[in-house]
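The chain is numbered in sequence order, starting from 1.
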Amino acid sequence: MDLEKLKAHMEKVSYLSKAAATDDPGKIDASLSEIFRLKAQPQADAADFYKTALADDKQYLFFGDTNHTDTAIHHFFFSEENAERLVKAGVKHVFVEYQPEYQDIFDECAAGTIDDEEFVKKMQQRSKEIYKIDENAPKIDNPIAADMLKSQKMMAKAIRYWADNGVKTHCPDDRSGFTEKDLEALRSSYTLMYKALRYAKDCGTDKPVVTQRLMTSYIFNSTARKDGSGKKPKNAISVAELKKLQSSDSQAVMAKRMADDKKLSKTITKMANGEKSAILFGAGHGDRVQGLGDLLGKDKVVRVNIHSSLDMYAERGDILMRRSGPDYQAPDYVHIIDKKKVYKA
């Protein structure tokens, strides 16, 4: 191992050890140097940036969702302001990270045959069917459920508004190749994330999001504190449960998700048919070499990663664990929602 690799490894070890021992697992551990670096970059007001970016002759504007548990990102994308912005710019297609099995519900919403409440109920029921969730299984304790519900209602309004203005919302994320083992891995990973979010909430975090720091703290304090100490989560996961989750190999499923980008790019290209389009997918699909951003054509895509705050942008665990990876490719721009600013990445 060369010196640089050893240094990076030791930095990760130090980060994880501090994360495990923290008294405040829901706090965002942000890199100040990365915040200073970003703030020194060329920047623009978000409204002005999008007006310019959408007027560009590039076909796709890729909005990278940097954290699926940070609901502020969906609240921004499906807001009235952003929905209207896309229409005024001549966008004809919006692609979101949902499977084709949801498309009929989206189309009913677009046609106005179901209202927001019916849209949410149908989406929840369809999710149970897709992920084969037993109706009699214990209800998942999801501490961000209210914010997720708000996201879906905002999405319903945006779908309907877009349809009224000639914009089609698509669900292109085909996962038909997933096996029962893959579905089990996804169910397990969601369960673990919700447990960690509850742990953060119990520790006093008002609006928790999943970070590497939180997951490390939750798992360590659940499995290492067998003495029932005060730091042990009320909803601690057992060692046996953790081993079961780890054996489901969720990492392999995530790799499979990324490998699907080749098929996904062909689907989006066909559906867009050369027309201006907006895409909202996980940032990992866009900010990596030969990811969706590259496969759609580098000369056709503007990639903007969305973060709710500067702290979330500079979240240390993401920098150390994901952005330091060999296939990471920085986006073109970074949008910080609460600052209403877009920075050159």
* To do: Taking the side chain as every heavy atom from C-beta outward, state whether Val334 and His307 have any atom pair closer than 4.5 Å.
  => yes
* To do: Find out whether Gln99 and Ile130 are in side-chain contact, i.e. whether some heavy atom of one side chain is under 4.5 Å from a heavy atom of the other.
  => yes
* Verify the distance criterion only: is there a donor paired with an acceptor across the side chains of Tyr15 and Thr216 at less than 3.5 Å? => no
* To do: Could you verify whether a donor N or O on one side chain and an acceptor N or O on the other, from Tyr199 and Ser222, lie under 3.5 Å apart?
  => no
* Look at the side-chain heavy atoms of Ile, Leu, Val, Met, Phe, Trp and Tyr, link any pair under 4.5 Å apart, and say whether Ile306 and Tyr328 land in one connected group. => no
* **Spacing of Thr267 atom OG1 and His170 atom NE2 [to the nearest 0.5 Å]** => 11.5 Å
* To do: Determine, for Asp45 against Lys340, whether the closest basic-nitrogen to carboxylate-oxygen distance falls under 4.0 angstrom.
  => no
* Tell me who clusters with Val301, hydrophobic residues only, linked when side chains sit under 4.5 Å apart either directly or through other members. => Tyr60, Phe62, Phe95, Leu264, Ile268, Met271, Ile279, Phe281, Leu292, Leu296
* Asked: Considering only heavy atoms from C-beta outward, does the side chain of Glu97 approach that of Leu280 to under 4.5 Å?
  -> no
* Asked: Do Asp327 and Gln290 have side-chain N/O donor and acceptor atoms under 3.5 Å apart?
  -> no
* Asked: If you measure from NZ on Lys195 to CD1 on Ile237, what distance do you get to the nearest 0.5 Å?
  -> 6.0 Å
* To do: Answer whether the closest heavy-atom distance between the side chains of Tyr161 and Val167 falls below 4.5 Å.
  => no
* Treat each ILVMFWY residue as a node, draw an edge where side-chain heavy atoms are under 4.5 Å apart, and state whether Val302 and Leu86 are in one component. => yes
* Decide whether a cation-pi geometry holds between Arg323 and Tyr313; the criteria are a distance under 6.0 Å from NZ or CZ to the six-membered ring centre and an angle within 45° of the ring axis. => yes
* Presence of salt bridge, Arg187 and Asp182, under 4.0 angstrom -> no
* Under 4.0 Å between a Lys/Arg side-chain N and an Asp/Glu carboxylate O for Asp261 and Arg288? -> yes
* Pair Gln152-His74, side-chain donor/acceptor within less than 3.5 Å -> no
* To do: Assert yes or no for the condition that the ring centre distance of Phe76 to His335 is strictly below 6.0 Å.
  => yes
* Test: Glu34 and Arg37 ion pair at under 4.0 Å -> yes
* Asked: Are Asp174 and Lys263 ion-paired here, with the side-chain N under 4.0 Å from a carboxylate O?
  -> yes
